[in-house]
Amino acid sequence: MRILFMGTPDFAVASLKRLVEDGHEVCGVFTQPDKPKNRGMKMTFSPVKEYALSQGLTVYQPLKMRDGEALSVVQELQPELIVVAAYGRILPEEILCAPKYGSINVHSSLLPKYRGAAPINWSILDGCEETGVTIMYMAKELDAGDILRVVKTKIDPDETALELTERLAALGAQALSETVEALKNGTAARTPQDHSAHTYAPMLSKALSPIDWNRTARQIHDQVRGLIPWPCASTEVGGKKVKVFKTEQGSTTKAAPGTVVSAGKQGIEIACGDGQTLRITQLQAEGGKRMAAADYLRGHSVQVGV
């Protein structure tokens with residue numbers, strides 16, 4: 001099938017790669033414009049652009065989607081199908097409806113739950129035990145199109161958003177492959193979403209970072225997992241702000257929430273609001289490197305009982 005692909009981050013690469021491996025004619029790739037990155041502010045390619053160029057695919061990086069230029073490119077390419085995976089742009093209806101088979105999206109949640117920009121993170125932040133990927137037709141309303149295929153998976157209690165993203169990318173690529181084949185064979189079934197059951201997964205912000213030790217140990221553990229790799233959960237340890245990368249269950253305590261119960265080889269154990277403690281085992285000080293909490297304690301003083 002002649003396919004126009006649209007995507008930007010690592011999550012989308014797996015889907016594009018699968019389309020190439022399945023032998024489809026990828027007539028073009030839309031991705032976000034290059035952006036400056038790191039301290040040197042060097043212009044960098046998106047992961048999708050890097051892969052597309054490695055395969056000799058033609059890359060397009062429109063600054064706008066509604067000025068007619070992007071539509072002209074789509075009309076010139078004449079794709080039979082548009083496939084979108086975490087592109088990061090809202091597509092106008094005239095583009096969505098241009099291909100023979102329409103436009104479909106690889107979305108990393110069990111729609112209608114977690115429509116929006118950060119479904120993987122919010123499924124962990126909210127303590128969900130299950131998530132998955134949904135292949136759907138794209139519609140004018142965000143993530144509200146008819147469903148073509150759903151694949152479910154359990155979320156490991158210690159799995160980070162970054163780790164879950166990698167798994168869902170692979171699941172999404174497989175589901176996409178099966179869906180495109182079904183569309184080509186005329187066997188694809190579409191199911192309308194239950195719009196009354198939808199939930200929203202907004203973009204992440206640094207406002208989500210500070211840990212409130214009055215919350216339960218499980219809630220804080222989920223916060224840490226759900227905010228990796230960005231913006232990361234944060235707290236003060238020994239009077240210094242640190243990013244928290246890994247935690248594990250501690251023990252019961254009568255100490256007030258936020259109290260450091262112990263600090264040693266196993267990590268830094270802090271009291272939570274439910275009478276449990278949470279042990280920080282990996283962290284990063286401002287301007288420093290990510291390290292084991294035990295290594296951090298060798299160079300920093302952390303007073304127990306505070």
Side-chain angles (χ1 to χ4, degrees), residues 5-16 29-35 37 44-49 61-66 70 82-93 95-96 103-128 130-147 150-151 153 155 159-173 175-176 193 195 197-210 222-233:
F5 184 84
M6 300 182 180
T8 300
D10 285 314
F11 175 84
V13 174
S15 290
L16 175 57
V29 174
F30 276 39
T31 192
Q32 292 272 30
D34 302 339
K35 295 182 179 179
K37 191 175 181 181
T44 57
F45 296 167
S46 72
V48 162
K49 181 176 179 178
Q61 296 176 279
L63 296 175
K64 298 179 180 180
M65 300 303 295
R66 297 183 180 277
I82 291 177
V83 172
V84 180
Y87 179 33
R89 293 288 181 90
I90 296 177
L91 304 182
E93 283 188 276
I95 289 180
L96 296 179
S103 300
I104 63 175
N105 178 258
V106 183
H107 187 77
S108 50
S109 82
L110 301 176
L111 291 171
K113 293 182 66 175
Y114 297 114
R115 296 176 181 174
I120 298 174
N121 303 85
W122 282 103
S123 67
I124 294 178
L125 290 169
D126 288 344
C128 296
E130 182 182 60
T131 187
V133 292
T134 301
I135 310 298
M136 63 167 186
Y137 278 109
M138 299 186 71
K140 183 178 180 179
E141 186 180 349
L142 180 66
D143 299 331
D146 291 351
I147 293 172
V150 175
V151 180
T153 185
I155 302 176
E159 193 169 25
T160 68
L162 183 60
E163 293 165 340
L164 182 55
T165 296
E166 293 176 355
R167 285 207 301 117
L168 292 183
L171 286 176
L176 172 63
Q193 293 188 40
H195 301 297
H198 89 277
T199 59
Y200 186 58
M203 292 180 66
L204 303 180
S205 73
K206 291 184 178 180
L208 297 169
S209 294
D222 292 343
Q223 177 185 3
V224 171
R225 298 187 302 127
L227 296 183
I228 290 175
W230 187 91
C232 296

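Values in this document were obtained by computation on a predicted structure and should not be read as measured data.
Judged by distance alone, with hydrogens and angles left aside, the side-chain atoms of Glu166 form no donor-acceptor pair with the main-chain N or O of Asp10 at under 3.5 Å. Using modelled atom types, no side-chain atom of Ser46 and backbone atom of Pro9 make a donor-acceptor pair closer than 3.5 Å. No side-chain donor-acceptor contact under 3.5 Å links Trp122 to the backbone of Tyr200. Between the side chain of Arg89 and the main chain of Thr31, no donor-acceptor pair closer than 3.5 Å is present. Listed for the Thr134 side chain is a donor-acceptor partner under 3.5 Å among the backbone atoms of Leu111. Counting only distance, with no hydrogens or angles, the side chain of Gln193 and the backbone of Asp143 share a donor-acceptor pair below 3.5 Å. In terms of modelled atom types and a separation under 3.5 Å, the side chain of Asp146 and the main chain of Tyr137 share no donor-acceptor contact.
Under the salt bridge (Lys or Arg N to Asp or Glu O under 4.0 Å) criterion, Asp34 pairs with Lys49, not counting sequence neighbours.
Minimum interatomic distance between Lys113 and Cys128 (heavy atoms only, all atoms of both residues): NZ-SG, 4.4 Å. For the residue pair Ser205 and Pro231, the shortest heavy atom distance occurs at O-CG, 3.4 Å. Minimum heavy-atom separation, Met65 to Tyr87: SD-OH, 3.6 Å. Between Thr8 and Pro47, the closest heavy-atom pair is O-CD, 3.3 Å. Heavy atoms only, all atoms of each residue included: Ala144 and Ala139 are closest at C-CB, 4.5 Å. Closest approach of Ala118 and Pro202 over heavy atoms only: CB-O, 3.4 Å.
With contacts defined as side-chain heavy-atom distances shorter than 4.5 Å, the pair Leu96/Ile82 does not qualify. Looking only at side-chain heavy atoms (C-beta outward), His195 and Arg115 come within less than 4.5 Å of each other. Proximity of Ser109 to Thr199: side-chain heavy atoms (C-beta onward) are nowhere separated by under 4.5 Å. For the pair Val13/Val48, a side-chain contact is recorded, criterion being any heavy-atom separation below 4.5 Å from C-beta on. Within the 4.5 Å cutoff, no side-chain heavy atoms of Ser103 are placed close to those of Asn105. Side-chain contact check for Tyr114 versus Asp126: some heavy-atom pair is nearer than 4.5 Å. Leu63 places a side-chain heavy atom less than 4.5 Å from the side chain of Pro33. Using a 4.5 Å heavy-atom cutoff, the side chains of Ile120 and Thr131 are not in contact.
Rounding to the nearest 0.5 Å gives a distance of 10.0 Å between CG of Asn121 and CG of Leu162. Note that CG of Leu110 is 6.0 Å distant from CD of Glu130, once rounded to the nearest 0.5 Å. Rounding to the nearest 0.5 Å gives a distance of 12.5 Å between CD1 of Ile124 and CD of Gln223. Taken from CD in Gln61 to NZ in Lys35, the straight-line distance is 11.0 Å, to the nearest 0.5 Å. Considering CD of Glu163 and CD1 of Ile155, their distance stands at 12.0 Å, rounded to 0.5 Å. Of the inter-residue distances, the one linking Met138 atom CE with Ile104 atom CD1 reads 10.0 Å to the nearest 0.5 angstrom.
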Notebook entry, point to check: Would Val151 and Leu168 satisfy side chain to side chain contact (heavy atoms under 4.5 Å, CB included), going step by step from the backbone distance to the final call?
Noted result: CA-CA 9 Å; Val151 180; Leu168 292 183; over 6 Å; no

Item checked: Stepwise side chain to side chain contact (heavy atoms under 4.5 Å, CB included) check, Val150 with Val133 -> CA-CA 6 Å; Val150 175; Val133 292; over 6 Å; no

